[in-house]
2 protein chains.
Amino acid sequence: MQEDPVIFVVDDDPSICQSLTWLIESVGIKVETFPSAAAFLKRHPHDGPACLLLDVRMPGLSGFDLQNQLAAAGRIIPIIFITGHANVSMSVRAMKAGAVDFIEKPFEDQTLLDTLNQSLEKDRQAKREQAEKREIKQRLGSLTAREREVFKRVVAGSLNKQIAFELGTTERTIKAHRARVMQKLQMRSLADLVRLAVKAGIGLKK
Amino acid sequence: MQEDPVIFVVDDDPSICQSLTWLIESVGIKVETFPSAAAFLKRHPHDGPACLLLDVRMPGLSGFDLQNQLAAAGRIIPIIFITGHANVSMSVRAMKAGAVDFIEKPFEDQTLLDTLNQSLEKDRQAKREQAEKREIKQRLGSLTAREREVFKRVVAGSLNKQIAFELGTTERTIKAHRARVMQKLQMRSLADLVRLAVKAGIGLKK
DNA sequence: TCTCATATTGTACTAAAGTACAATATGCAT
DNA sequence: ATGCATATTGTACTTTAGTACAATATGAGA
């Protein structure tokens with residue numbers, strides 16, 4: 001159904017990559033390593049749950065740069081920074097930008113593994129919700145412009161006759177549109193339709 | 001309508017309290033200072049937008065202790081730590097526990113003021129949503145046990161006859177309950193009722 | 001030109017919900 | 001005992017929504 005979890009390690013130091021790989025694979029989780037931020041950006045986004053172990057200081061793009069670029073590209077992935085030489089302002093900056101954790105070397109293996117598992121679980125959940133939202137948007141996309149208008153008003157609680165008046169047509173026509181909306185969106189009750197709209201974020205703005 | 005914004009400063013060093021007060025009052029925001037975490041906990045919770053400037057190291061309860069106690073008590077308030085002697089693990093711990101920022105002394109006045117204003121704005125929004133939720137829960141509390149059962153099923157999309165069967169009563173009775181639910185909750189359409197239920201977090205579990 | 005998706009509309013019926021004007025029953029607190 | 005909140009139920013009517021079986025109109029694209 002869903003792909004296996006993967007931990008991505010981005011660090012210019014091969015020995016770090018190697019030891020992290022050993023550690024994480026020892027508990028049965030897949031690992032992929034990248035020697036630079038640029039290399040990771042080239043990789044095709046992973047569909048399954050994932051987590052990024054990231055060094056701050058690297059030649060070329062820094063860990064922060066990668067964090068920003070991923071965020072800008074909408075590639076949401078939990079990031080755990082691991083670094084040897086850090087200061088408070090660096091860690092605060094990383095955390096404010098959404099990092100899950102910021103770990104100094106040396107660290108306890110078990111601590112990292114615990115954080116990793118928590119992050120994977122959260123990512124699993126986030127991916128599920130993301131997939132659901134995509135699914136909903138897709139079905140919403142199958143509506144015609146007119147149907148969408150009717151949909152919005154039905155969900156807002158308008159009566160068919162009110163909608164008909166607003167759209168300058170007859171109640172009978174609204175019934176036709178409404179029936180098609182219910183069919184296309186595979187909803188069986190108004191309550192379900194409203195919940196779908198809420199999930200899709202319709203009706204929030206004003 | 002709503003109380004004025006207030007910045008709370010908790011620091012055992014009176015000179016810090018004094019200088020922060022001068023700085024913040026210079027831009028027209030009220031300040032209240034406390035020499036200890038315990039002193040702050042005694043204060044009556046503030047209804048308007050607020051923000052807490054908190055020292056980490058203090059005699060008695062530490063800044064972290066205060067942060068945890070506030071969280072445990074459900075007193076949500078944006079916290080900005082200000083400290084002179086910090087390390088990475090302290091700052092990460094604070095940020096993971098939900099702090100808005102973690103600032104080392106010395107700092108730029110304007111930086112603090114900017115963060116302060118952002119935090120106040122977020123808190124304003126959070127308080128608004130919190131008040132709305134309270135309002136909803138209050139109205140839901142005015143329902144009788146039976147009415148709540150009907151409410152849940154209506155919102156789930158059941159027909160009156162189905163609800164009647166499930167509750168072992170007649171459709172006519174359900175209509176009566178349903179009408180009272182709509183009246184008590186001041187909702188005029190099923191769509192509104194469903195949205196209310198979603199906001200109240202009903203129908204999530206299971 | 002012909003087809004297809006889309007929008008529109010009609011009639012007539014059924015199903016569901018809402019409403020008006022009720023009455024009855026039960027249990028708890030004063 | 002009496003009042004009050006709550007739950008229950010009835011009849012009858014109106015309003016909405018849904019559905020079956022349609023037809024018509026229009027514009028875009030093959």
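A quick note: this is a predicted structure, and the numbers were derived from the prediction, not measured. Heavy-atom basis, side chains included; hydrogens, waters and symmetry copies ignored. Sequence lines set the chain letters: A, B, ... in the order given, protein chains first and strands last, and positions in each chain run from 1.
- Within 4.0 Å (heavy atoms only), B/Arg146 reaches sugar-phosphate atoms of the nucleic acid but no base atom.
- Contacts between residues 159-168 of chain A and DNA chain C, counted as heavy-atom distances below 4.0 Å, involve no residue at all.
- The distance from atom CG of A/Leu159 to atom CD1 of A/Ile174, rounded to the nearest 0.5 Å, is 11.5 Å.
- B/Ile7 CD1 to B/Leu20 CG: the interatomic distance, rounded to the nearest 0.5 Å, is 10.0 Å.
- Annotation: salt bridge (charged side-chain N to carboxylate O under 4.0 Å, His left out) contacts of B/Asp55 (sequence neighbours excluded): none.
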Audit row: B/Thr111, B/Asp114, side chain to side chain donor-acceptor pair (under 3.5 Å) steps and yes/no: CA-CA 5 Å; B/Thr111 308; B/Asp114 289 344; 5.9 Å; no
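- Classification of the A/Phe34-A/Phe8 ring pair by plane angle, with boundaries at 30° and 60°, yields tilted.
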Show me, pair by pair, the donor-acceptor contacts under 3.5 angstrom made by side chains of residues 148-156 of chain A, not counting sequence neighbours?
from     : atom 1 : to       : atom 2 : distance (Å)
A/Arg148 : NH1    : A/Leu140 : O      : 2.8
A/Arg148 : NH2    : A/Leu143 : O      : 3.1
A/Glu149 : OE1    : A/Arg153 : NH1    : 2.6
A/Arg153 : NE     : A/Glu166 : OE1    : 2.6
A/Arg153 : NH1    : A/Glu149 : O      : 3.4

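- Annotation: proximity of residues 173-182 of chain A to DNA chain C (heavy atom, distance under 4.0 Å) is found for A/Thr173, A/Ala176, A/His177, A/Arg180, numbered in ascending order.
- Within the structure, the side chain to side chain donor-acceptor pair (under 3.5 Å) test picks out no pair touching residues 68-81 of chain B (sequence neighbours left out).
- Residue A/Lys184 places its NZ atom among more than 12 non-hydrogen atoms of other residues, nucleotides or ligands, all under 6.0 Å distant.
- Heavy atoms of other residues, nucleotides or ligands lying less than 6.0 angstrom from CZ of A/Phe165 number 12 at most.
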Can you give one letter per nucleotide of nucleotides 25-30 of chain D, 5' to 3': B if a protein heavy atom sits under 4.0 Å from the base, S if only from the sugar-phosphate, - if neither? ------
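- In this entry the distance linking CD of A/Gln183 with P of D/dG18 reads 13 Å, nearest Å.
- Within the structure, every pair that satisfies the side chain to side chain donor-acceptor pair (under 3.5 Å) test and touches residues 154-163 of chain A, not counting sequence neighbours, is listed here: A/Asn160-A/Arg178.
- For B/Glu135, the side-chain contact (heavy atoms from CB on, under 4.5 Å) test picks out B/Arg139, with sequence neighbours left out.
- In this structure, the CD atom of A/Glu171 is 10 Å from the P atom of D/dG18, given to the nearest Å.
- Judged as a salt bridge (charged side-chain N to carboxylate O under 4.0 Å, His left out), and not counting sequence neighbours, A/Arg93 has no contacts.
- When the side-chain nitrogen and oxygen atoms of A/Thr170 are compared with OP1 and OP2 of C/dT8, none of them lie within a distance under 4.0 Å.
- Here CZ of B/Arg195 is found 12.0 Å from CZ of A/Arg195. Values are rounded to the nearest 0.5 Å.
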Step by step, would you call B/Glu121 with B/Gln125 a side chain to side chain donor-acceptor pair (under 3.5 Å)? CA-CA 6 Å; B/Glu121 190 44 50; B/Gln125 185 59 31; over 6 Å; no
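- Between the CZ atom of A/Arg172 and the P atom of D/dA23 there is a distance of 14 Å, given to the nearest Å.
- Proximity of residues 184-191 of chain A to DNA chain D (heavy atom under 4.0 angstrom from any strand atom) is not detected for any residue.
- Side-chain N or O atoms of B/Thr83 include none that pairs as donor or acceptor with a backbone N or O of B/Ala86 at under 3.5 Å.
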Every protein N/O lying under 3.5 Å from an N/O of nucleotides 24-30 of chain C:
none

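- With sequence neighbours excluded, the residues that form a ring pair (Phe, Tyr, Trp, His ring centres under 6.0 Å) with A/Phe64 are A/Phe81.
- Side-chain N/O atoms of A/Thr144 include one lying less than 4.0 angstrom from OP1 or OP2 on C/dA7.
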